[in-house]
Protein chains: 2
Amino acid sequence: MKIGDLSRLTGTRVETIRFYEKEGLIPAPSRTGGNYRVYDQAHLNRLSFIRRSRDLGFTLDQVRALLDLSDDHSRSCGAVDELAREQLRSVERKIEDLQALQRELASLLNQCSQGTIAECRIIEALAPG
Amino acid sequence: MKIGDLSRLTGTRVETIRFYEKEGLIPAPSRTGGNYRVYDQAHLNRLSFIRRSRDLGFTLDQVRALLDLSDDHSRSCGAVDELAREQLRSVERKIEDLQALQRELASLLNQCSQGTIAECRIIEALAPG
DNA sequence: CTTGACCCTATAGTGGCTTCAGGGTGCATA
DNA sequence: TATGCACCCTGAAGCCACTATAGGGTCAAG
């Protein structure tokens, strides 16, 4: 499998795959005579794992931790659980922050009566006073 | 007013104020004999405006646009309205994305029965198959 | 033998700051 | 007068997770 195939199979940009390799998240694959990277099923599995973790909002450091944990099958699942729980809390905090923003923006837009800047409620709300 | 005072009054880090100046968001203030920046009320107003805009999630480019618009009092408020509306849409999209994440994470955590990694539902959900 | 899709490396850029290294200023206190 | 300390200065690098760009090499088909 060449890097373009892996890219299509995982929906990851080619540059991102090379970036993950440089970051040590994916082991360096073997090369063809023409210096092309050659991947196998293990690489595909690992990259899929990384992508799903990223899609769930984990940072690359958290992904690293999850990869390490997933390798040690006899270990307790507690650390994984804690990472996921922390991530859930972080997502919930972000949602709350954004909802507060949403309310503020909606309220500003509600007051705008499309006149001139001089009487614009939005600018007024931003300006100090 | 020295940069530290402005920092305290607006809740902006000193380094960030200098960064805004370098970015052209705040005009370069005059200096004391000892080369300290000296700010006045106009600077305070402008920085407050920037911070409130940033708190509402506008990018620095959007803040630049808002600052330009706010200077032209006779102009129509339509452009401001459009910026705010765009920002609201963007916030709403982010909320939806995060809520989808929240559901996924919560569902994963719900399935975790705190055993070993080998039987961990979270790792399982991340691994391909 | 050329075209075009694909691959390679190395480096810089993105946004919005933050941190660091290495200094200078200014006021109060011993 | 010396010294300590809080504050200020500049310029450059670092952060995250990529993305983009420049400048080239490989390989199969027509």
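Computed over heavy atoms, backbone and side chain alike; hydrogens, waters and symmetry mates excluded. Quick caveat, the model's predicted, so the values are computed rather than measured. In what follows, every chain begins at residue 1, and chains take the letters A, B, ... in the order their sequences are listed.
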N/O contacts under 3.5 Å, protein versus nucleotides 25-29 of chain D?
from	atom 1	to	atom 2	distance (Å)
dG25(D)	N2	Tyr36(A)	OH	2.7
dT26(D)	O4'	Tyr36(A)	OH	3.3
dT26(D)	O2	Tyr36(A)	OH	3.1

Kindly indicate whether the side chain of Leu25(A), heavy atoms from C-beta on, has any atom under 4.5 Å from the side chain of Leu47(A).
-> no
Side-chain contact test, heavy atoms from C-beta onward, threshold under 4.5 Å: evaluate it for Leu83(B) versus Leu69(B) and give yes or no.
-> yes
Which residue pairs pass the salt bridge (charged side-chain N to carboxylate O under 4.0 Å, His left out) test with at least one member in residues 71-84 of chain B, sequence neighbours excluded?
-> Asp81(B)-Arg85(B), Glu82(B)-Arg89(B)
Separation of Arg8(B) atom CZ from dA6(D) atom C1', in whole Å?
-> 10 Å
Using the salt bridge (charged side-chain N to carboxylate O under 4.0 Å, His left out) rule, collect all pairs that involve residues 22-43 of chain B, keeping only residues at least two apart or in two chains.
-> Glu21(B)-Arg37(B), Glu23(B)-Arg64(B)
Rounded distance (Å) that lies between atom C1' of dC9(D) and atom CZ of Arg31(B) = 8 Å
Among all residues two or more places apart in sequence or in another chain, which pass the salt bridge (charged side-chain N to carboxylate O under 4.0 Å, His left out) test with Arg54(B)?
-> none
When every nucleotide of nucleotides 11-22 of chain D is labelled 5' to 3' by its protein contacts under 4.0 Å (heavy atoms), B for base, S for sugar-phosphate only, - for none, what sequence of letters results?
-> ------BBSS--
Looking at Val14(A), Thr12(A), Ile17(A), which hits side chain to side chain contact (heavy atoms under 4.5 Å, CB included) with Leu6(A)?
-> Ile17(A)
Got a sec, which residues hit ring pair (Phe, Tyr, Trp, His ring centres under 6.0 Å) with Tyr39(A), two or more places apart in sequence or on another chain?
-> His43(A)
Under the salt bridge (charged side-chain N to carboxylate O under 4.0 Å, His left out) rule, collect the residues that match up with Asp5(A), sequence neighbours excluded.
-> Arg8(A)
Report yes if some heavy atom in the side chain of Arg93(A) is under 4.5 Å from a heavy atom in the side chain of Ser90(A); otherwise report no.
-> yes
With sequence neighbours excluded, tell me which residues meet salt bridge (charged side-chain N to carboxylate O under 4.0 Å, His left out) with Glu86(A).
-> none
Can you find a pair of side-chain heavy atoms, one from Leu105(B) and one from Gln87(A), that are under 4.5 Å apart?
-> yes
Does Arg37(B) place a side-chain N or O at less than 4.0 Å from the phosphate oxygens OP1/OP2 of dC8(D)?
-> no
Sequence neighbours left out, what passes salt bridge (charged side-chain N to carboxylate O under 4.0 Å, His left out) with Glu92(B)? Give chain and number order.
-> none
All pairs passing salt bridge (charged side-chain N to carboxylate O under 4.0 Å, His left out) where residues 105-121 of chain B contributes a residue, at least two apart | Arg121(B)-Glu124(B)
End-to-end bend of the helix from dC1(C)-dG30(D) to dA30(C)-dT1(D) (five-pair axes, 10° rounding)?
-> 30°
Using chain A heavy atoms and a threshold of under 4.0 Å, write down where along DNA chain C the contacts begin and end, 5' to 3'.
-> dC6(C) to dT11(C)
